[in-house]
Amino acid sequence: MIAVGLALAGPAVFVSAQDARQVAPVAQAADKAPMLSATIVARYPHDTKAFTEGLLWHDGALYESTGQEGASDVRRVALADGRTLARAMIPPAQFGEGLALWNGQLVSLTWHDGISHRWDVRTLKPVGRTRYTGEGWGLTADARQLIQSDGSSALIFRDPRTLAERHRVPVTIDGRPLRDINELEYIRGAVLANVWRTGFLVRIDPASGRVTAVIDLRPLVAEIGATGADSVLNGIAWDAKADRLFVTGKYWPTLFEIRIDEAR
């Protein structure tokens, strides 16, 4: 692949020519959707062997799902030192993906197997499986349903018990479809999403699918200095009680607590 540097405000990010076609529309649409920066509040250790796919905060700990066939798991992680406190392995032929919490259970997706696993949030013991159609990427939940991404330019809303699709909403930025929506987190009525291989988060209105803000996390990507093609920004968790936002990436050594600097 040919790598190109994007001449945008902030640190240069070197990506393939194919990926550059996705990064540029996100950055260039900032006149319609405000481009926001983020302040690093704290840094914590993160397992550099974790191919992070899903991340959430619950009851004083992080929960993380990881990918790769033969190594995918769902784990409880201590924030202070990044230590894995408990782990449940996903069947070795499956590639783990997004993670959400629903009614005392963790729901984890698989990439192309069409199987969702359910785990008791206290014990991480398996409590069931559910089939669904299409690829699994990111997953989160609001008060009524699960919200999923599949790498396309859509948010998919699913029944939290059966995973049957209820409806989907196209995601747009400056009126154009925004593909490669990945890891998701539902925060105060909005969906925060990674855009794969871009160094940006987007804030999405789940009712309309419109991107209402772009959050530039390229300085975090630059600080990590990751060189591998897979070592991308991915993983968003929100501690609602303490109003803390955490982000990390695949194989990253650091989990960041950040504050989004809202436009005034």
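In terms of modelled atom types and a separation under 3.5 Å, the side chain of Arg87 and the main chain of Leu124 share no donor-acceptor contact. Under a 3.5 Å cut-off, the side chain of Ser65 and the backbone N or O of Glu97 do form a donor-acceptor pair. Checking side-chain atoms of Glu185 against main-chain N and O of Trp238 turns up a donor-acceptor pair under 3.5 Å. Between the side chain of Ser116 and the backbone N or O of Thr130 there is no donor-acceptor pair closer than 3.5 Å. Put simply, the side chain of Ser149 gets close to the backbone of Ile181: a donor and an acceptor are under 3.5 Å apart. Looking only at distances, no side-chain donor or acceptor of Arg122 sits under 3.5 Å from a matching main-chain atom of Gly104.
Once rounded to the nearest 0.5 Å, the distance linking CG of Leu192 with CG of Leu245 reads 6.5 Å. Going from atom OG1 of Thr248 over to atom CD of Glu183 covers 10.5 Å, rounded to the nearest 0.5 Å. We find the CD-CD1 distance between Glu165 and Ile156 to be 5.5 Å, quoted to the nearest 0.5 Å. Annotation: the span from Lys241 atom NZ to Asp59 atom CG amounts to 6.5 Å, rounded to 0.5 Å.
Side-chain contact between Trp57 and Leu101 is absent, with no heavy atoms from C-beta onward closer than 4.5 Å. Using a 4.5 Å heavy-atom cutoff, the side chains of His46 and Thr254 are not in contact. The shortest side-chain heavy-atom distance between Arg144 and Asp142 falls under the 4.5 Å cut-off. For the pair Arg197/Asp230, a side-chain contact is recorded, criterion being any heavy-atom separation below 4.5 Å from C-beta on.
The aromatic rings of Phe95 and Phe51 lie perpendicular to each other, with more than 60° between the two planes, well past the 30° mark. In this structure, His117 and Trp119 have tilted ring planes: the angle between them lies in the 30° to 60° band.
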Check against side-chain contact (heavy atoms from CB on, under 4.5 Å), Glu64 and Asp47: CA-CA 11 Å; Glu64 184 172 8; Asp47 182 1; 5.8 Å; no

Working for side-chain contact (heavy atoms from CB on, under 4.5 Å), residues Leu184 and Leu155: CA-CA 10 Å; Leu184 308 174; Leu155 293 178; 4.2 Å; yes

In sequence, state the C-alpha distance, the side-chain angles, and the governing distance for Leu56 and Leu106, and then conclude on side-chain contact (heavy atoms from CB on, under 4.5 Å). CA-CA 10 Å; Leu56 62 86; Leu106 295 168; 4.1 Å; yes

Does the pair Asp73 and Ile90 meet the rule for a side-chain contact (heavy atoms from CB on, under 4.5 Å), with working shown? CA-CA 5 Å; Asp73 66 9; Ile90 292 170; 5.6 Å; no

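Gln148 and Trp137 share no donor-acceptor pair across their side chains, judged by distance under 3.5 Å alone. Side chains of Asn234 and Thr52: a donor-acceptor N/O pair is absent below 3.5 angstrom, by distance only.
There is no path of hydrophobic side-chain contacts, each under 4.5 Å, that joins Leu79 to Trp252. Connection of Val221 to Val247 is established within a shared hydrophobic cluster, with ILVMFWY side chains joined at heavy-atom distances below 4.5 Å, either directly or through further cluster members. Linking ILVMFWY residues whenever their side-chain heavy atoms come closer than 4.5 Å, directly or via other members, leaves Tyr63 and Tyr44 in distinct clusters. When hydrophobic clusters are built by joining Ile, Leu, Val, Met, Phe, Trp and Tyr residues whose side-chain heavy atoms come closer than 4.5 Å, directly or via intermediates, Val202 is grouped together with Phe157. Grouping the Ile, Leu, Val, Met, Phe, Trp and Tyr side chains by contacts below 4.5 angstrom, directly or via other members, places Tyr186 apart from Trp102.
The only option from Ile40, Leu201, Asn194 that meets the side chain to side chain contact (heavy atoms under 4.5 Å, CB included) definition with Leu217 turns out to be Leu201.
Checked against side-chain contact (heavy atoms from CB on, under 4.5 Å), Thr39 has the following partners two or more places apart in sequence or in another chain: Arg259, Asp261. Residues meeting the side-chain hydrogen bond (donor to acceptor under 3.5 Å, both in side chains) test with Arg188, sequence neighbours left out: Asp243.
Leu62 approaches Phe246 most closely through the heavy-atom pair CD2-CD1, 4.4 Å.
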